[in-house]
Amino acid sequence: MRTTSVTTGIAVRDLRSAQAWCAKVFEREHDLEPAEGILEFEVHPGSWLQLMEGQERPVFRIGVTDIEATRKRPSAWASRSDRSTASRA
């Protein structure tokens with residue numbers, strides 16, 4: 001499996017406060033606002049920190065070069081107890 005990116009999303013109570021804190025830490029503003037209530041910082045090329053207001057669960061996403069080939073690998077999802085999220089990838 002060849003990865004292209006990794007995104008870790010964390011739920012925050014106050015998006016603007018979290019954004020201000022991250023802007024100080026990273027010494028710059030966020031890179032993307034893909035949807036209302038979500039901000040993303042690219043902390044290293046291909047590595048993203050996602051701040052999500054109003055979400056209850058964290059997110060961990062791995063981008064791959066060929067999703068169909070990855071899905072067909074026998075070991076790709078063997079350890080997943082909840083396969084329902086794999087179908088949304």
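Given the structure is predicted, the values throughout are model-derived calculations rather than measurements.
- Of all the heavy atoms in V64 and T4, the pair that sits closest is N-OG1, 3.7 Å.
- Residues I10 and V6 do not share a hydrophobic cluster, clusters being chains of Ile/Leu/Val/Met/Phe/Trp/Tyr side chains in contact below 4.5 Å.
- The shortest side-chain heavy-atom distance between E40 and P34 falls under the 4.5 Å cut-off.
- Residues M52 and V43 do not share a hydrophobic cluster, clusters being chains of Ile/Leu/Val/Met/Phe/Trp/Tyr side chains in contact below 4.5 Å.
- Side-chain contact between T8 and P58: absent, with no pair of heavy atoms (C-beta onward) separated by less than 4.5 Å.
- Tested against Q19 for a side-chain hydrogen bond (donor to acceptor under 3.5 Å, both in side chains), the candidates E53, E29, E33 yield a single pass: E29.
- F26 and V12 fall within a single hydrophobic cluster, where Ile, Leu, Val, Met, Phe, Trp and Tyr are joined by side-chain heavy atoms under 4.5 Å apart, directly or via other members.
- Between F41 and R28 the shortest heavy-atom distance is CE2-O, 3.7 Å.
- Side chains of Q50 and R61 form a contact here, defined as non-hydrogen atoms less than 4.5 Å apart.
- Within the 4.5 Å cutoff, the side chain of L32 has no heavy atoms near those of the L39 side chain.
- Contact check for I38 versus L51: no side-chain heavy atoms found under the 4.5 Å cut-off.
- Using a 4.5 Å cut-off between side-chain heavy atoms of Ile, Leu, Val, Met, Phe, Trp and Tyr, with links allowed through other members, I62 and I67 fall into the same hydrophobic cluster.
- Between the side chain of T70 and the backbone N or O of D66, at least one donor-acceptor pair lies under 3.5 Å.
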